[in-house]
Each structure stands twice: as C-alpha cells, then as structure tokens.
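Note sheet for the following structure.
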Amino acid sequence: MSRKKTIKQSSTQKEYSFFQDVFDVVLQIPKGRATSYGAIAKYLGTKMSARMVGWAMNASHTSSLKIPAQRVVNRNGILTGKFHFATPTLMEELLVKDGLTIKNDTIVDFKNVFWDPVIELDL
DNA sequence: CAGCTGACTTTTC
DNA sequence: CGAAAAGCCAGCT
C-alpha cells in the first residue's frame, strides 16, 4: 500500500518535515535486518538524496520517537554513523543484539540482511 | 534571501 | 586500499 502519504498528520500538525517519512521507514525495519541510506532515499523519491536520509537520522535523536538508527548504514554495510551514537560502540552493540554479526565496523553478509523498503513496502 | 552544512554515493587517481 | 572531488537537496543561521 502506498503508505508514503499516510504520514500526513492531522491539520493540527502543520509542521510536516520529510524527516517523518524517513523515521517511518526506519521504524519499520524488521529486527535482524538493515538497510542503506540510498535505499530509503530511492523509496521516498528520486528527488531524495542519501545525504537527506543521513541528515534525517541526525535529527532522530531530537525526535521523541525511538529511531533504530543502527539499522541504517551506508551501502557497503559499514557503520559510518556510529560516532553519532552515545558511544562509538553502541551502534555495533545494538546490531549484535538484533542478531547481526559485525566485523571491523561492517555488517557481515550485509547483502543477505539487506532490507529494501522499495521491495518490502511499496511493491 | 544567500550561504553552510551534512550519519551518502560514485568516480577517479 | 585510501584520499579527494563532485553531485545531491532540505533545513538552519
């Protein structure tokens, strides 16, 4: 279903940011899976760039919602944003708890656990 | 309104 | 393998 537009808040919530879309997608990432910034960007639209997704994650800690940002890595499966967590090792710890294997700041067999919103949601 | 910035990606050397 | 540059675009100052 096209839940892209389901994000639309009530009239009261006039402040609508594209961050909401990113958060919504990230929150739907199943446990034990991970996706890339580019995949989310592609799902949200061609006008979206990977940097916007990463930037949205930067704002995730400001959001009241709990965003599993550890499940979002770059296209190589490298934990590029780990330094933005409370501790540089927190991101890896969270992914390990999800059942993933992290080796040298990189998700082992990333392509196997890759979760593409375009395929899992839109399709 | 204009310039900066950024948790990315791809190409090139 | 690594460093550098260019493209990308919305939000912030």
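By convention in this document, chain letters (A, B, ...) are assigned in the order of the sequence lines, proteins followed by strands, and residues within each chain are numbered from 1. Values in this document were obtained by computation on a predicted structure and should not be read as measured data.
Look at OH on Tyr37(A): it is 12 Å from C1' on dT9(B), rounded to the nearest Å. To the nearest angstrom, P of dA7(B) lies 19 Å from CG of Leu94(A). Taking atom CG of Leu95(A) as the reference point, atom P of dA7(B) lies 18 Å away to the nearest angstrom. Atom NZ in Lys42(A) sits about 14 Å away from atom P in dT9(B), given to the nearest Å. Atom CZ in Phe18(A) sits roughly 17 Å away from atom P in dC8(C) (whole-Å rounding). Counting to the nearest Å, the P atom of dT9(B) and the CZ atom of Phe110(A) are 9 Å from each other. As a whole-Å value, the separation of Met57(A) CE from dA7(B) C1' is 8 Å. A straight line from CD of Gln20(A) to P of dG11(C) spans 11 Å, rounded to a whole angstrom.
Across all strands shown, Ala69(A) has heavy atoms under 4.0 Å from base atoms, whether or not it also approaches the sugar-phosphate. Nucleic acid contact for Lys82(A): none, since no nucleic acid atom lies under 4.0 Å from a heavy atom of the residue. Counting any heavy atom pair closer than 4.0 Å across all strands shown, Asn58(A) reaches a base atom. Within 4.0 Å of Phe85(A), counting heavy atoms only, lies at least one base atom of the nucleic acid.
Of the candidates dT9(B), dA7(B), dG11(C), the closest approach to any side-chain atom of Ser17(A) belongs to dG11(C). When distances run from any side-chain atom of Met52(A) to the nucleotides dC8(C), dT9(B), dG6(B), the shortest one goes to dG6(B). Minimum atom distance to the side chain of Arg75(A) is reached by dT9(B), of the listed dT9(B), dG11(C), dA7(B).
For the atom pair CD of Gln20(A) and CG of Leu65(A), the computed distance is 7.0 Å after rounding to the nearest 0.5 Å.
Between Phe114(A) and Phe110(A), the two ring planes are perpendicular [angle over 60°; tilted spans 30° to 60°].
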Run the side-chain contact (heavy atoms from CB on, under 4.5 Å) test on Tyr43(A) and Asp21(A) for me, step by step, so that the C-alpha distance in whole Å, both residues' side-chain angles and the decisive distance to 0.1 Å come before the verdict. CA-CA 10 Å; Tyr43(A) 171 71; Asp21(A) 283 342; over 6 Å; no

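No side-chain donor-acceptor contact under 3.5 Å links Ser17(A) to the backbone of Phe19(A).
Following chains of ILVMFWY side-chain contacts shorter than 4.5 Å, one can reach Val53(A) starting from Trp55(A), so the two form part of one hydrophobic cluster.
In terms of position on DNA chain B, the residue among Trp55(A) and Asn76(A) whose nearest nucleotide sits closer to the 5' end is Trp55(A).
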